[in-house]
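The structure appears right after this line, and notes come after that.
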Amino acid sequence: MSITIKSPSGREIKFSTGLFINNEFRPSKSNNVLTTPNPATGEDLATVSAATAEDVDDAVQAARRAFVTTWGKKSTPSQRSAALHKWADLIQENIDTLAELESLDNGKPVWMARDIDIVDSIDCLRYYAGLADKIEGRTIEQEEGRKIAFTRPEPIGVCGQIIPWNYPIQMFAWKVGAALAAGNTIIMKPAEQTPLSALVLAELSIKAGFPPGVINIVNGLGSVAGRAISSHMDIDKIAFTGSTITGRSIMESAAKSNLKKVTLELGGKSPVVVFENADIDQAVNWVSQGILFNHGQDCCAGSRLFLQESIKEEFLSKLKKNFESHVIGDPFDIKTYQGPQVSKQQQEKILSYIKSGIEQGATLLTGGEARIAHLSSKFKNGFYTPPTIFTDCKPGMKIVDEEIFGPVLTVQTFETEEEAIEKANNTPYGLGAGVFSQNASQCMRMVHALCAGTVWCNQYVALSNAVPFGGMKQSGFGRELGIEGLKEYTQTKSVHWNYGEKADWPVDGTSN
Ligand code: NAI
Ligand code: MG
């Protein structure tokens with residue numbers, strides 16, 4: 001039930017591969033497994049247990065027991081806070097192991113996994129550890145001397161959490177931090193492409209002191225374990241991050257089962273608008289990072305760039321140079337900015353979008369297969385894709401309308417602010433949006449006009465654990481991070497209290 005992976009740095013990474021239920025690792029009752037590849041080489045990396053509906057049901061029973069006996073109804077906020085802090089400490093102690101494992105499983109550079117994803121995840125757990133004892137209700141005056149009412153924010157119960165593969169540790173931390181701080185117990189399902197780091201986090205959670213059943217982690221296929229979670233009759237809430245199509249199906253399962261609460265963080269096709277008065281060099285850097293960071297596998301990737309006509313030539317020549325300067329290759333090399341995409345399927349999807357862009361008449365400014373042709377033989381079968389810019393784009397092209405989830409930027413131009421707003425908002429999504437302008441009034445007008453859950457001004461894709469994050473329109477609903485993220489894991493109980501000496505209602509049916 002455990003495996004040792006030798007990483008390219010020579011480190012031996014040992015961890016359990018079973019389902020994590022009730023603080024124990026065990027195989028699936030049907031002995032189901034799934035194998036995850038190393039995206040940099042295309043070779044198999046590890047095989048782990050994969051849950052069936054029966055296994056999910058075991059996890060739910062453990063979580064329900066823990067909710068009733070040790071965590072939701074019995075723990076104090078300071079106990080929950082202490083366990084979260086301890087978990088954060090243990091992750092910090094194991095940061096290099098986790099970063100290498102994450103890189104091997106996901107393909108992102110080790111430095112990125114370590115210094116961005118995991119550092120932020122530790123911070124997230126600590127943020128929610130700090131909020132655990134700050135969950136407060138209100139008193140609402142009713143009648144002086146006789147009646148009072150108050151509210152109690154209570155945990156929701158057993159929560160299913162289904163996460164994607166683009167930020168496996170970070171999505172894990174965002175979801176568990178808020179849920180556990182508020183007193184919920186969880187069934188977490190990592191993505192089948194990246195099942196490994198969650199298993200190490202599970203082991204550390206025992207050492208952090210979480211009682212059995214509070215945290216359950218079931219790897220498995222979306223179509224099996226994911227479905228079992230979203231249709232389970234004893235799961236009270238489901239939090240999902242992933243594609244819009246899967247989000248719809250989860251909502252449907254929730255509706256058809258026990259009407260569990262649902263929060264969805266779905267995809268995007270986020271616009272970035274650059275006005276002629278922007279600091280061009282700064283904007284070039286942010287625009288590049290906005291689409292190339294994490295290989296474009298980011299729900300708020302700035303994939304539609306809108307340039308004011310007058311700066312088009314200068315901006316694009318600088319942006320092209322920037323794109324071509326990024327090092328693509330070995331995720332274990334500190335100089336690498338872009339590793340492989342997470343899977344062969346994602347690589348093929350991105351390459352087919354690039355092909356469709358060319359076929360539908362967009363102009364390829366940089367990118368294409370030649371950009372990755374230099375890769376050394378070790379990485380020849382890796383799932384690499386070229387950082388790509390298309391100009392002369394317009395709505396109706398697949399590359400403009402659909403989420404690609406890769407390092408592919410589409411460029412359109414505009415003359416006026418009104419035109420920029422209309423074009424930027426021309427999408428069914430509403431997750432992120434960026435504005436570059438040195439005119440503060442113009443930035444504020446854009447903040448007001450853009451339909452997105454987050455608007456960045458003169459920066460892009462920067463997040464903070466204290467600031468809520470989530471979508472408008474078809475990018476989903478509900479918020480993660482911040483106090484809003486915690487509130488999504490509580491439900492309000494209202495209490496009406498009559499403490500007067502005499503009943504004020506004719507209980508015997510006569511009038512008073
Ligand atoms: P997906 O949405 O199918 O997978 C995300 C998670 O949902 C995984 O854990 C998966 O096992 C689970 N899942 C899949 N089907 C399920 C079902 N019927 N019931 C319950 N859970 C289910 O995304 P996928 O197929 O990995 O990627 C496809 C596209 O989705 C990407 O190309 C990208 O456009 C988008 N995506 C968006 C993400 C975001 O952060 N918004 C993250 C991952 C993918
Ligand atoms: Mg993998």
Side-chain angles (χ1 to χ4, degrees), residues 5 34-48 50-51 53 56 101-108 160-168 170-172 174-175 187-198 217-232 235 238-254 257 262 264-270 294-301 303 331 339-350 352-353 382-383 402-406 408 429 431-432 453 469-471 474-476 480:
I5 293 177
L34 65 86
T35 297
T36 179
N38 173 351
T41 60
E43 289 160 9
D44 285 351
L45 179 65
T47 297
V48 301
V56 167
L101 187 61
E102 190 79 325
S103 170
L104 286 167
D105 201 7
N106 166 282
K108 67 176 72 195
Q161 305 188 313
I162 301 179
I163 58 171
W165 39 260
N166 49 347
Y167 299 97
Q170 222 171 345
M171 290 299 102
F172 186 105
W174 285 21
K175 291 217 171 11
I187 320 293
M188 160 70 67
K189 197 200 83 61
E192 46 269 57
Q193 295 84 351
T194 52
L196 304 186
S197 50
I217 298 169
V218 291
N219 275 309
L221 298 180
S223 55
V224 182
R227 258 182 212 286
I229 291 172
S230 55
S231 60
H232 201 285
I235 290 184
I238 193 150
F240 170 74
T241 300
S243 63
T244 306
I245 188 162
T246 300
R248 272 183 214 284
S249 127
I250 285 175
M251 211 169 152
E252 206 179 325
S253 294
S257 54
V262 179
L264 302 176
E265 200 265 90
L266 308 174
K269 194 73 191 175
S270 299
N294 207 37
H295 323 126
Q297 302 169 144
D298 190 302
C299 46
C300 47
S303 51
Q341 308 304 132
V342 75
S343 65
K344 180 104 195 125
Q345 197 186 357
Q346 287 300 121
Q347 179 198 33
E348 283 169 356
K349 178 177 158 188
I350 294 162
S352 91
Y353 270 114
F383 312 139
E402 298 173 18
E403 183 179 51
I404 300 175
F405 229 61
V408 182
Y429 291 114
L431 194 56
F469 177 77
Q474 290 184 36
S475 290
E480 296 191 287

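Whatever order the structure lists ligands and atoms in, that order sets their numbers, starting from 1. All heavy atoms count here, side chains included; hydrogens, waters and symmetry mates do not.
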Report task. Give the minimum heavy-atom separation between V48 and L196, together with the two atoms involved. Result ->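 Smallest interatomic distance, heavy atoms only, reads CG1-CD2, 3.6 Å.
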Query raised in the report: Do you know which two heavy atoms are closest between V218 and P190, and how far apart they sit?
Result: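 The answer is O-CD, 3.6 Å.
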**Report entry** Donor + acceptor pair across side chains of Y167, D298 (<3.5 Å)
**Finding:** yes
Query - Listed partners of E192 passing salt bridge (charged side-chain N to carboxylate O under 4.0 Å, His left out), at least two apart - result: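 Scan of E192 (salt bridge (charged side-chain N to carboxylate O under 4.0 Å, His left out), adjacent residues dropped) gives K189.
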Report task. Please name all residues satisfying salt bridge (charged side-chain N to carboxylate O under 4.0 Å, His left out) with E102, sequence neighbours left out, ordered by chain then number. Result ->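 By the salt bridge (charged side-chain N to carboxylate O under 4.0 Å, His left out) rule, E102 matches no residue at all.
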Requested in this report: Could you tell me whether a side-chain N or O of E265 sits under 3.5 Å from a main-chain N or O of E480, the two making a donor and an acceptor?
Outcome: no
Query raised in the report: Quick check: does Q193 put an N/O/S atom under 2.8 Å from the Mg ion (ligand 2)?
Result: yes
Query - Apex the Mg ion (ligand 2) - arms OG1 from T36 and O from P37 - angle rounded to 10° - result: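 Approximately 90° at the metal, rounded to tens of degrees.
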Less than 3.5 Å apart, which donor and acceptor atoms pair up between the side chains of residues 34-42 and the rest of the protein, not counting sequence neighbours?
residue	atom	partner	partner atom	Å
T35	OG1	T47	OG1	2.8
T36	OG1	D105	OD1	2.6
T36	OG1	Q193	O	2.9
N38	OD1	A40	N	2.9
T41	OG1	E43	N	3.1

Report task. Return the protein residues near ligand 1 (heavy atom under 4.0 Å from any of its atoms), ordered by chain and residue number. Result -> I162, I163, P164, W165, N166, K189, P190, A191, E192, Q193, G222, G226, R227, F240, T241, G242, S243, T246, S249, I250, L266, G267, C299, Q346, K349, E403, F405
